[in-house]
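What follows is a short report on a single structure.
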Amino acid sequence: MDTAMYVEARNLMVDDQLRPSEITDSRILDIMRSLPRELCVKPELRNAAYADTSLPLAQGRVLPQPLLTARLVQAAQPSANQRVLVVGASTGYTAALFARLGLNVIALESNPELAQVGQTFCQTYAPTVSWHQGPLTKGLAESAPYDLIYFDGCIAAFPTFCNDQLAANGRIIGLLQTGGSLPEAFLAIQEVGYSQQFRVTYLFEAQAPLLPDMAPERAFSF
C-alpha cells in the first residue's frame, strides 16, 4: 500500500469496525485515524494492519485487533495527566495511543526486539513515552504509583506488584483468563481505603495469548 491507501484503511477501520461497536470517545477515534498502526507490525503484514484481527509479532506475542484495543482503552476511562503503566507494550501502539490522549505513559516490555520497535515508533509518534525493558511480572516500582495499570495482553492472575504500585483509587485493565475459560476483559478498581482489595467488573470475552511469565501467583480477595 502507498501512504494514501494506509490513510484510507485507517478511516475504514474507524468507520466500519470501531464506530458501529460503541466506541464513542471521539478522542480515541481521531487518534486511531492518524496513528500508523502498520509500523507496529512486521513489514510483510503491513497490508493487514487495519484488518479486524490480531497480528503475530514475535515469540507468541500479538498486536491486538484494533477494536479490542479501542474497547479496552475506552473502558480504562483515560484522563489527561494521569500516570499509566503499559505492561507488555510490545511495538508501542497502545502506549502511543495513551500518550496522545495526554497521559503520562511508562511502557514496560521484556522482549528486546519488540521494545526496540516500540521505542523507535514512539520516538516519532509519541515522544513523551518513557520506555523500560525488564520482566513484566515485576512492574516498574521506580516510576510508581500509577493511576492506571494496563495489561496489553492476557494474564492468568493479578501480579502482586499491582498492590504496591497502584495509586490510591487506581484501576487495572486488561484480559484475564482463569482455568480453561475464555479470556475476559476486566476493569479492576481499588476499593477506597483498602490497598489490596479490588472491585472487578468483567466487560466482554476476547481472545489474546498470555503475556510472558503471567502464570498465577496468588489469588486476591475481591
Side-chain angles (χ1 to χ4, degrees), residues 6-41 45-57 61-80 82 84-107 109 114 117-118 121-122 125-126 128-129 146-155 171-177 182-189 200-209 211:
Y6 281 124
V7 171
E8 181 181 3
R10 282 195 288 275
N11 285 325
L12 287 173
M13 173 192 70
V14 170
D15 293 333
D16 293 351
Q17 298 174 37
L18 307 189
R19 293 182 64 191
S21 301
E22 299 184 353
I23 303 302
T24 57
D25 189 325
S26 60
R27 302 172 303 161
I28 295 172
L29 296 174
D30 289 344
I31 293 166
M32 292 184 73
R33 285 188 192 278
S34 64
L35 202 59
R37 180 180 163 90
E38 70 272 11
L39 300 182
C40 295
V41 299
L45 295 176
R46 287 180 177 173
N47 287 352
Y50 299 99
D52 186 23
T53 186
S54 299
L55 296 174
L57 296 175
R61 301 286 295 281
V62 302
L63 181 67
Q65 67 186 109
L67 179 57
L68 177 56
T69 297
R71 292 182 76 180
L72 288 173
V73 171
Q74 179 170 271
Q77 305 162 29
S79 296
Q82 289 183 330
V84 55
L85 175 67
V86 179
V87 181
S90 67
T91 53
Y93 184 80
T94 307
L97 177 51
F98 274 121
R100 289 196 169 197
L101 285 165
L103 283 77
N104 299 313
V105 182
I106 295 85
E109 177 51 54
L114 298 181
V117 175
F121 179 74
C122 286
Y125 297 100
T128 61
V129 174
Y146 305 103
D147 302 295
L148 173 65
I149 296 175
Y150 183 98
F151 290 99
D152 206 358
C154 187
I155 60 175
R171 56 210 187 279
I172 309 167
I173 195 160
L175 298 177
L176 180 66
Q177 183 175 27
L182 284 172
E184 290 186 272
F186 71 89
L187 175 66
I189 300 175
V200 179
T201 301
Y202 292 99
L203 306 171
F204 53 87
E205 291 183 343
Q207 287 284 8
L211 289 170

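What you see is a predicted model; the values in this text were computed from it and never measured.
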CG of Leu29 to CG of Asn11: how many Å apart, nearest 0.5 Å?
11.0 Å
Measuring from atom CG of Leu57 to atom OG1 of Thr91, what distance do you get when rounded to the nearest 0.5 angstrom?
5.0 Å
Do Arg171 and Gln82 have side chains that get closer than 4.5 Å, going by heavy atoms?
yes
What distance do Leu148 atom CG and Leu85 atom CG have between them, rounded to the nearest 0.5 Å?
8.5 Å
Run Leu67 and Ile23 through side chain to side chain contact (heavy atoms under 4.5 Å, CB included) and show every step you take.
CA-CA 8 Å; Leu67 179 57; Ile23 303 302; 4.0 Å; yes
Say you draw a straight line from OG of Ser79 to CG of Leu103; how long is it, rounded to the nearest 0.5 Å?
7.0 Å
Side-chain heavy-atom pair Val105, Arg100 within 4.5 angstrom cut-off
no
Shortest non-hydrogen pair, Pro36 vs Phe121, comes out as O-CE1, 3.5 Å
Trace of the side chain to side chain contact (heavy atoms under 4.5 Å, CB included) decision for Phe186 with Ile172
CA-CA 8 Å; Phe186 71 89; Ile172 309 167; 3.9 Å; yes
Arg61: partners by side chain to side chain donor-acceptor pair (under 3.5 Å), with sequence neighbours left out
Glu109
In this structure, CG of Asp147 is separated from CG of Asn104 (nearest 0.5 Å) by 8.5 Å
Of all residues at least two apart in sequence or in a different chain, which pass the ring-ring contact (aromatic ring centres under 6.0 Å, His included) check with Tyr150?
Phe98
Measure the CG-OG distance between Leu97 and Ser34 for me, rounded to the nearest 0.5 Å.
9.5 Å
Arg19 atom CZ, over 12 foreign heavy atoms within 6.0 Å:
no
Heavy-atom closest contact (Pro183 atom, Leu175 atom, distance):
CB-CB, 4.4 Å
Please walk me through it: do Leu45 and Leu63 pass side chain to side chain contact (heavy atoms under 4.5 Å, CB included)?
CA-CA 11 Å; Leu45 295 176; Leu63 181 67; over 6 Å; no
All heavy atoms of Gln74 vs all of Pro78, minimum pair found to be O-CD, 4.1 Å
Given side chain to side chain contact (heavy atoms under 4.5 Å, CB included), test Asp52 with Met13 step by step and report yes or no.
CA-CA 8 Å; Asp52 186 23; Met13 173 192 70; over 6 Å; no
Measure across Leu35 and Arg10 and return the closest heavy-atom pair with its distance rounded to 0.1 Å.
O-CD, 3.3 Å
Kindly write out the residues that satisfy side chain to side chain contact (heavy atoms under 4.5 Å, CB included) with Ala89, not counting sequence neighbours, or none if the list is empty.
Val86, Ala107, Trp131
Is the shortest side-chain N to carboxylate O distance from Arg71 to Glu22 below 4.0 Å?
no
Decide whether Tyr50 and Arg37 meet the rule of one side-chain donor and one side-chain acceptor closer than 3.5 Å.
no
Heavy-atom closest pair (Cys154 atom, Leu176 atom, distance to 0.1 Å) is SG-C, 4.3 Å
Please examine the side chains of Ile31 and Tyr125, heavy atoms only from C-beta on, and report whether any two atoms are closer than 4.5 Å.
no
List the residues meeting side chain to side chain donor-acceptor pair (under 3.5 Å) with Asp30, not counting sequence neighbours, and say none if there are none.
none
Check side chain to side chain donor-acceptor pair (under 3.5 Å) between Arg27 and all other residues, then give those that pass, not counting sequence neighbours.
Asp25
For Thr53 and Pro66, work out which heavy atoms get closest and say how close.
O-CD, 4.1 Å
Under the rule for side chain to side chain contact (heavy atoms under 4.5 Å, CB included), what residues qualify as partners of Ala75, not counting sequence neighbours?
Ile173, Leu203
Less than 4.5 Å apart, side chain to side chain, heavy atoms only: is that true for Glu38 and Asn47?
no
